[in-house]
Q: 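Here it is, the structure, as structure tokens.
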Amino acid sequence: MKGVAAEHGIEMEYGGTVGNTFDSHRLIWLAREVGGSELQDSVVERLFKAYFVENKSIETKEVLQSCAEDVGLGEKCRELLANDETGKDEVMREKQEYGRAFQCTGVPRFVVDQKYVLNGAQEQAAFLRVFGKLS
């Protein structure tokens with residue numbers, strides 16, 4: 001994955017610690033609720049950058065808050081992180097639904113148009129083949 005990233009000018013480090021990322025999933029859920037797919041994509045990109053490039057630990061509330069502020073979700077994120085129940089049921093339901101529908105047991109797993117599944121890190125060509133099938 002580092003090689004693919006480097007081809008696109010991204011220096012991945014993998015130095016962030018691995019921990020419970022449930023709050024990051026709640027933040028991703030919140031972004032979709034507040035601003036739709038576009039804001040959700042912005043949050044995911046910012047979280048990926050924090051973890052893969054900046055070596056930050058995305059399970060900490062400080063890192064999540066910082067990422068949220070960078071995409072304009074600062075106050076909403078503070079409210080989310082202050083209440084462990086907000087978005088909890090929705091994220092768990094989504095996890096269970098996608099897990100069952102796509103036999104998802106690990107990450108990364110990409111589901112495109114709820115029809116095509118790509119497991120693990122993929123080369124650009126794999127995504128282009130799937131996107132070509134969408135027309």
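Just so you know, residue 1 is the first one in the sequence shown, and it goes up from there. We use all heavy atoms of the structure for the numbers below, so side chains are in, but hydrogens, waters and symmetry mates are not. Here the structure is a predicted model, which means the values were calculated and not measured.
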Q: Spell out, as yes or no, whether a donor-acceptor pair under 3.5 Å connects the side chain of Gln40 to the backbone of Gly35.
A: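 Not a single qualifying donor-acceptor pair exists.
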Q: Do Arg109 and Val117 come close enough that some side-chain heavy atom pair is under 4.5 Å?
A: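 Yes, their side chains come closer than 4.5 Å.
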Q: Is Met92 reachable from Trp29 through a run of hydrophobic residues whose side-chain heavy atoms are each under 4.5 Å from the next?
A: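 Trp29 and Met92: one cluster.
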Q: Could you give the distance from OG1 (Thr86) to CD (Glu33), rounded to the nearest 0.5 Å?
A: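 Here the rounded value is 11.5 Å.
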Q: Treat each ILVMFWY residue as a node, draw an edge where side-chain heavy atoms are under 4.5 Å apart, and state whether Leu134 and Leu118 are in one component.
A: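 Per the 4.5 Å side-chain linkage, Leu134 and Leu118 are co-clustered.
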Q: Going by the angle between their ring planes, with limits at 30° and 60°, are Phe48 and Phe52 parallel, tilted or perpendicular?
A: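 Perpendicular.
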Q: Specify the closest pair of heavy atoms between Arg26 and Val91, including all atoms of both residues, with the distance to one decimal.
A: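 Minimum heavy-atom contact is CA-CG2, 3.9 Å.
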Q: Does a donor on one side chain sit under 3.5 Å from an acceptor on the other, for Glu59 and Tyr51?
A: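 Checked: Glu59/Tyr51 side chains show no N/O donor-acceptor pair below 3.5 Å.
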Q: For the pair Glu69 and Arg46, find out whether any cationic side-chain nitrogen is under 4.0 Å from an anionic carboxylate oxygen.
A: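 Looking at Glu69 and Arg46, the cut-off is not met.
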Q: What do you reckon, are the aromatic ring centroids of Tyr116 and Phe110 less than 6.0 Å apart?
A: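 No, the ring centres sit 6.0 Å or more apart.
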Q: How about Leu27 and Leu73: do any of their side-chain heavy atoms sit closer than 4.5 Å?
A: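 The answer is yes; the side chains approach within 4.5 Å.
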Q: Quick one: CG on Leu81 to OG1 on Thr60, what's the gap to the nearest 0.5 Å?
A: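 Separation between the atoms: 9.5 Å.
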Q: For the pair Glu90 and Glu94, evaluate side chain to side chain contact (heavy atoms under 4.5 Å, CB included) and give the outcome as yes or no after the intermediate values.
A: CA-CA 6 Å; Glu90 293 84 354; Glu94 191 171 280; over 6 Å; no
Q: Report the distance from atom CD of Glu62 to atom SG of Cys67, rounding to the nearest 0.5 Å.
A: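 With rounding to 0.5 Å, CD (Glu62) is 11.5 Å from SG (Cys67).
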Q: With rounding to the nearest 0.5 Å, note down the distance linking CD1 in Ile28 to CG in Leu64.
A: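 Spacing of CD1 (Ile28) from CG (Leu64) equals 9.0 Å.
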Q: Just wondering, do Arg93 and Tyr98 contact through their side chains at under 4.5 Å, heavy atoms?
A: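 SC-SC contact between Tyr98 and Arg93 ruled out.
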Q: For the pair Asn83 (side chain) and Glu85 (backbone), establish whether a donor and an acceptor sit closer than 3.5 Å, ignoring hydrogens and angles.
A: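 The answer is yes, because a donor-acceptor pair under 3.5 Å joins these two groups.
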Q: With a 6.0 Å cut-off (strictly less than), is the heavy-atom count around CD of Glu75, excluding the residue itself, greater than 12?
A: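 More than 12 heavy atoms, drawn from other residues, nucleotides or ligands, come within 6.0 Å of this atom.
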Q: As an exercise, state the distance from CZ of Arg129 to CD of Gln124, rounded to the nearest 0.5 Å.
A: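 Reported value, rounded in 0.5 Å steps: 11.0 Å.
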Q: Tell me, do Lys76 and Leu30 make a side-chain contact under 4.5 Å, heavy atoms counted?
A: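 Yes, at least one pair of side-chain atoms sits under 4.5 Å.
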Q: Quick one: pull up OG in Ser66 and CG in Leu47 and give me the separation to the nearest 0.5 Å.
A: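 Taking OG in Ser66 and CG in Leu47, the distance rounds to 10.0 Å.
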Q: Can you tell me if Lys61 has over 12 outside heavy atoms packed within less than 6.0 Å of its NZ?
A: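 Yes.
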Q: Check Gln122 against Phe127 and note the closest heavy-atom contact, atom names and distance.
A: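 Taking every non-hydrogen atom into account, CB-CE1, 3.5 Å.
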Q: Specify the closest pair of heavy atoms between Val43 and Ala31, including all atoms of both residues, with the distance to one decimal.
A: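 That closest heavy-atom pairing would be CG2-CB, 3.5 Å.
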